[in-house]
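Report on the following structure.
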Amino acid sequence: MSDAAGIIQLIGRLLFAGYFVFVGVGFHVAMTKMAEGYAQSAGFPVPAIAGWPTGLWMAAGGLSLILGIWPDIGALMIAAFAIVAAAYFHRFWELDDPMQKQTQQQLFGRNVIILGACLVMFGFFTAAGDALRYTITGPAFDL
């Protein structure tokens, strides 16, 4: 991989993963009771993990991508979060209010996009292997 391609890929990792570090620490950890309350109101089966445990999970996945420490694992961590968030918190199909339905449909779509991006990153990282630039470690998987 060329230096230019590595820098472009690094900028993409920083922009994408920075969001999850920010939201993980800034909301899920800093406002853990609020996150747990929202999870409980949404019918999430284990609302106690929606606060700081989820925030640490998101931050760890984001930092894995940013620093390039097994970034393929970080991509899978963020993907797992997106699947759960879409399935439990953005069930637009269950809503009657048109405004709430539209908002939740957009948030569901955002999680689908996040999942897709994570799968693309996972595939890229595992294919690039040791050629992956600007990372501390290579990917954990070799596909």
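Numbers here are sequence positions counted from 1.
- Looking at H90 and R110, their side chains come closer than 4.5 Å, going by heavy atoms from C-beta outward.
- The CG atom of L107 lies 10.5 Å from the CD atom of Q102; values are rounded to the nearest 0.5 Å.
- In the hydrophobic clustering of this structure, L15 does not group with I113; members are Ile, Leu, Val, Met, Phe, Trp, Tyr whose side-chain heavy atoms approach within less than 4.5 Å, directly or through other members.
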Inset, instruction - Evaluate the criterion side-chain contact (heavy atoms from CB on, under 4.5 Å) for residue pair I114 and F20; output intermediate values, then yes/no. - result: CA-CA 11 Å; I114 289 167; F20 296 97; 3.7 Å; yes
Please tabulate, for side-chain N and O atoms in residues 52-71, each donor-acceptor pair with protein atoms closer than 3.5 Å (sequence neighbours left out).
unit_1	atom_1	unit_2	atom_2	d
T54	OG1	I49	O	2.4
W57	NE1	M77	O	2.9
S64	OG	I69	O	2.7
S64	OG	W70	O	3.0
S64	OG	G74	N	3.3

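- Clustering ILVMFWY residues whenever any of their side-chain heavy atoms sit less than 4.5 angstrom apart, transitively, puts F81 in the very cluster that holds Y19.
- Atom CG of D97 sits about 8.5 Å away from atom OG1 of T103, to the nearest 0.5 Å.
- Grouping the Ile, Leu, Val, Met, Phe, Trp and Tyr side chains by contacts below 4.5 angstrom, directly or via other members, places W93 with V112.
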Legend entry - Step-by-step side-chain contact (heavy atoms from CB on, under 4.5 Å) determination, Q40 to E36: CA-CA 6 Å; Q40 187 171 19; E36 290 173 12; over 6 Å; no
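- When every heavy atom of A86 is checked against every heavy atom of F108, the shortest pair comes out as O-CD1, 3.6 Å.
- At distances below 3.5 Å, at least one donor-acceptor pair connects side-chain atoms of S2 with backbone N or O atoms of A5.
- Ring centroid separation for the pair Y38 and F89 comes in under the 6.0 Å cut-off.
- Under a hydrophobic-cluster definition in which Ile, Leu, Val, Met, Phe, Trp and Tyr are linked whenever side-chain heavy atoms come within less than 4.5 Å, directly or via other members, F122 and L115 are assigned to different clusters.
- To the nearest 0.5 Å, the span separating CD on Q104 from CZ on F92 amounts to 10.0 Å.
- Across A35 and G51, no two heavy atoms sit closer than the pair CB-CA, 3.9 Å.
- A salt bridge does not link D96 with K101: every distance from a Lys NZ or Arg NE/NH1/NH2 to an Asp or Glu carboxylate oxygen is 4.0 Å or more.
- Counting only distance, with no hydrogens or angles, the side chain of D72 and the backbone of T126 share no donor-acceptor pair below 3.5 Å.
- Taking the six-membered ring for Trp, F22 and F27 have ring centres at least 6.0 Å apart.
- Using a 4.5 Å cut-off on side-chain heavy atoms (C-beta onward), L132 and Q9 make contact.
- Taking hydrophobic clusters as Ile, Leu, Val, Met, Phe, Trp and Tyr residues chained together by side-chain heavy-atom distances below 4.5 Å, M121 shares a cluster with M1.
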